[in-house]
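Here's the structure, in structure tokens; my notes come after.
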Amino acid sequence: MIPLSWYLIVATALFAIGLYGALSRRNAIAILMGIELMLNAVNINLVAFWRYLTPHRITGQAFAIFVFAVAAAEAAVGLALIISVYRNRDTVDVEKINLLKW
Amino acid sequence: MSSLDPAALINVLPEILLVVLALMVMGLDLLWPAGRKRDLGLVSAAGMIVVLIASFLWPGDGQPVWGGMIQADLLARLFRILFLVAGILTSLISMDMKGLKQEGEYYAMIIIATMGMGLMATANDFLMLYVAMEMTSITQYLLVGYMRREARSVEAGIKYFLFGAVTSTVMLFGLSFFYGFTGQTNYAGVRMGLFNPAIDTGAVLVALILIAVGFGFKIAAVPFHFWTPDTYEGAPTPVTAFISVASKAAGFAVLFRVLNVVFPVGVPQSEWTNLMETLAIVTMTLGNVLAIPQTNIKRLLAYSSIAQAGYVLIGVAAVSSLGVASALFYLAVYVITNIGAFAGVIAVANRLGSDDIRAFAGLSRRSPYLALMILVAFLSLGGVPPTAGFVGKLFLFQAAVGQGLIRLAVIGVLNVIVGLYYYLMVLKVMYVDRGEEEVEVPVSAPLAWTLAVSAAGVMLLGIFAHPWYNIALRAAAVLFPG
């Protein structure tokens, strides 16, 4: 069987790619995609831990399902906000969304 | 009693009632004609007062509910009362805010956010903690961006959202590792699991830091404070008030709990104390220093709220029941004080259409009572006796000295002096300066009530502090048994 650590390495790599995307992209939608990658990394972690550590209890799987649901809600709200910004400012570039600054 | 017994649901009675209230407000929004929509704020406030009374009448027995997901012990119940008070006052100050379209869903989101905070405080499981935090955050993203034709409100909303989504996901990654270490998500289970000597302390520390990112966002601690000034300035002012007090208090509620989970087994306490001490020092210093040059009152209060979070972190760094009790007391004071300050800002902005500090010039001659209420709130934020802010800071510094954190207490006192400078500057503008157009500022009834409750609470908690502090001490004892 594939060792647990392989899954954890994949998850951590995916998380790092997502975090890099979220921090470096200027397009708000691309940032949202980075966040989704990070959430998927978490899900790989949870499901891998469930399979290897506590296969007899569904805690990890249940947690992963809750993460899907919350991620969907978060994406819905995020896209709604992005649409509102686009209607107001005609851009989704976070560097041009700069009315508020000191 | 089994945790799935229907009778155990008495422990989540306030949350159940809040869901009913949220649905009721949305239903009334459909039924009522447009002219009556303003009264929805009263329905929302009155409903939450009923929930508050119900939570006193049936406090529950503190037993775990829903398979151990929720445990409403004394500490959690006190936090829940704080959130309800914040929710009630926020509903009241929303009613006459100009430019905000008061509709059912606005109040429903405030009610649901209040409920989510209650669940954050009572959560006894990492899964529940995550869901509750997101329930609070997602409704708040929407509230911040609620004025969707206002470019500033929407911009504040998207900044809050992007920052919040990234930090909460980092926190979730940390939580997944705690599940991996112990095979459990329940606080007590994780605590027992961490006794396993095979678990590497360094790995636990890394996971803890990942979690702290999420909490740092919630309480707006440095270095996760960048969203604060922008979001506070752009958001509708009642929402700013709500986020600055309730959301912050909820963040501290979970911080106290998790502190209890990982100690003393997971991470050496000295490392945690060092981390929290540094965070407290940096947070209060940066907040206070950056507040000084601000010319917009909402931005000034944003940096002030960062500094106030730094003061509360002193109580977290002093890991003891005294530390938690004084932090809890200070949060209660802060909730009441800051909502009063924002109510004053709304009154002035409604009349003059500006959040600029200069709009306050000569307010004491135009509206002496309003100016007096704002004076009380600002003196309490600054920590001048006999207000509650003074007593609260005294308790915090006392707790720090009690744990041998002399340096932290000294830096705290120095920060209070810096803070006084900019609070007094606002008061000087209000009492000494002359405005260009000296018009009287009308204060509507709900705003006046909020200001009166705030000022009365500040004086009450300040002069008769000990009964309240004793209750906080009993609540803090929950975290430090024996």
Side-chain angles (χ1 to χ4, degrees), chain A residues 4 8 11-12 15 18-19 22-23 28 31-32 34-50 52-54 56-57 59-60 62-67 69-71 73-89 92 94 97-102, chain B residues 125-128 130-131 133-135 137-139 141-142 144-162 164-166 168-177 179-186 189 210 229-234 290 293-296 299 302-303:
Chain A
L4 174 62
L8 298 185
T12 308
F15 185 83
L19 187 61
L23 296 180
I31 296 175
L32 204 56
I35 294 167
E36 295 297 319
L37 278 188
M38 291 160 71
L39 284 166
N40 284 332
V42 172
N43 279 339
I44 293 178
N45 250 359
L46 287 171
V47 175
F49 282 137
W50 161 74
Y52 283 80
L53 299 178
T54 56
H56 48 282
R57 279 185 305 138
T59 319
F63 207 143
I65 287 172
F66 273 93
V67 174
V70 171
E74 208 166 54
V77 167
L79 289 171
L81 283 168
I82 291 172
I83 290 172
S84 303
V85 165
Y86 186 75
R87 284 190 180 152
N88 277 298
R89 306 289 309 277
V92 291
V94 287
I97 305 173
N98 55 3
L99 286 178
L100 302 164
K101 62 182 169 199
W102 64 309
Chain B
D125 190 290
F126 280 144
L127 175 53
M128 191 68 225
Y130 176 66
V131 174
M133 272 181 98
E134 287 299 310
M135 183 186 271
S137 298
I138 290 177
T139 44
Y141 304 146
L142 289 168
V144 169
Y146 189 77
M147 300 196 290
R148 60 177 193 275
R149 311 229 178 280
E150 291 264 336
R152 284 170 176 271
S153 170
V154 173
E155 178 179 331
I158 197 154
K159 282 182 174 168
Y160 189 41
F161 167 74
L162 291 175
V166 171
S168 79
T169 311
V170 171
M171 180 193 81
L172 186 61
F173 198 57
L175 293 183
S176 78
F177 278 112
Y179 170 59
F181 294 143
T182 61
Q184 306 255 14
T185 54
N186 193 281
L210 290 175
D230 288 355
T231 301
Y232 281 25
E233 187 186 341
L290 289 181
Q294 300 306 323
T295 55
N296 180 304
R299 274 189 107 77
Y303 283 109

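Keep in mind the model is a prediction, meaning the values are calculated, not measured. Chain naming here is simple, since letters A, B, ... match the order of the sequence lines and numbering starts at 1 in each.
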message: I'd like to know whether A:Phe49 forms a side chain to side chain contact (heavy atoms under 4.5 Å, CB included) with B:Phe177, so could you lay out the CA-CA distance, the side-chain angles of the two residues, the decisive distance to 0.1 Å, and finally the verdict.
response: CA-CA 9 Å; A:Phe49 282 137; B:Phe177 278 112; 4.0 Å; yes
Using a cut-off of under 4.5 Å on heavy-atom pairs, state which of [options] scores highest against chain A.
options: B:Arg148, B:Arg152, B:Glu155; answer: B:Glu155
options: B:Val144, B:Leu127, B:Asp125; answer: B:Leu127
options: B:Phe161, B:Phe126, B:Tyr179, B:Tyr141; answer: B:Tyr179

message: Just so I understand: if I count every heavy-atom pair under 4.5 Å between each of A:Gly60, A:Ala64, A:Gly34, A:Ala48 and chain B, which residue has the most?
response: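 Counting heavy-atom pairs under 4.5 Å, the top option is A:Gly60.
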field: Top contributor to chain B contacts, counting heavy-atom pairs under 4.5 Å, from A:Arg89, A:Arg57, A:Glu74
entry: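 Among the listed options, the one with the most contacts to chain B is A:Glu74.
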task: Using the side chain to side chain donor-acceptor pair (under 3.5 Å) rule, collect all pairs that involve residues 168-177 of chain B, keeping only residues at least two apart or in two chains.
output: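 For residues 168-177 of chain B, and leaving out neighbouring residues, the side chain to side chain donor-acceptor pair (under 3.5 Å) pairs sorted by first residue read A:Asn45-B:Ser176, B:Glu134-B:Ser168.
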task: List for me each residue that meets side-chain contact (heavy atoms from CB on, under 4.5 Å) alongside B:Leu142, sequence neighbours excluded, and say none if there are none.
output: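 Once residues adjacent in sequence are excluded, the partners of B:Leu142 under the side-chain contact (heavy atoms from CB on, under 4.5 Å) criterion are A:Val77, B:Met109.
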Are any side-chain N or O atoms of [X] and backbone N or O atoms of [Y], one a donor and one an acceptor, separated by less than 3.5 Å?
X: B:Thr185; Y: A:Thr59; value: no
X: A:Trp50; Y: A:His56; value: no
X: A:Ser84; Y: A:Ala80; value: yes

With a 4.5 angstrom heavy-atom cut-off, which part of [X] approaches chain B: side chain, backbone, both or neither?
X: A:Phe63; answer: both
X: A:Ile97; answer: both
X: A:Ala22; answer: side chain
X: A:Leu46; answer: both
X: A:Leu19; answer: side chain

message: Are the side chains of B:Arg299 and B:Asp230 in contact, using a 4.5 Å heavy-atom criterion?
response: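 Yes, close enough: below the 4.5 Å cut-off.
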query: Tell me, side chain or backbone of B:Tyr130 under 4.5 Å from chain A's heavy atoms, or both, or neither?
result: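 Side chain of B:Tyr130 only, per the 4.5 Å heavy-atom cut-off to chain A.
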- request: Check each atom of B:Val170 against the heavy atoms of chain A and say whether the ones under 4.5 Å are side chain, backbone, both or neither.
  value: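 Both the backbone and the side chain of B:Val170 come within 4.5 Å of chain A.
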- prompt: For A:Tyr52, does the OH atom have more than 12 heavy-atom neighbours from other residues, nucleotides or ligands under 6.0 Å away?
  reply: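 Counting neighbours around OH of A:Tyr52, more than 12 heavy atoms of other residues, nucleotides or ligands fall under 6.0 Å, so yes.
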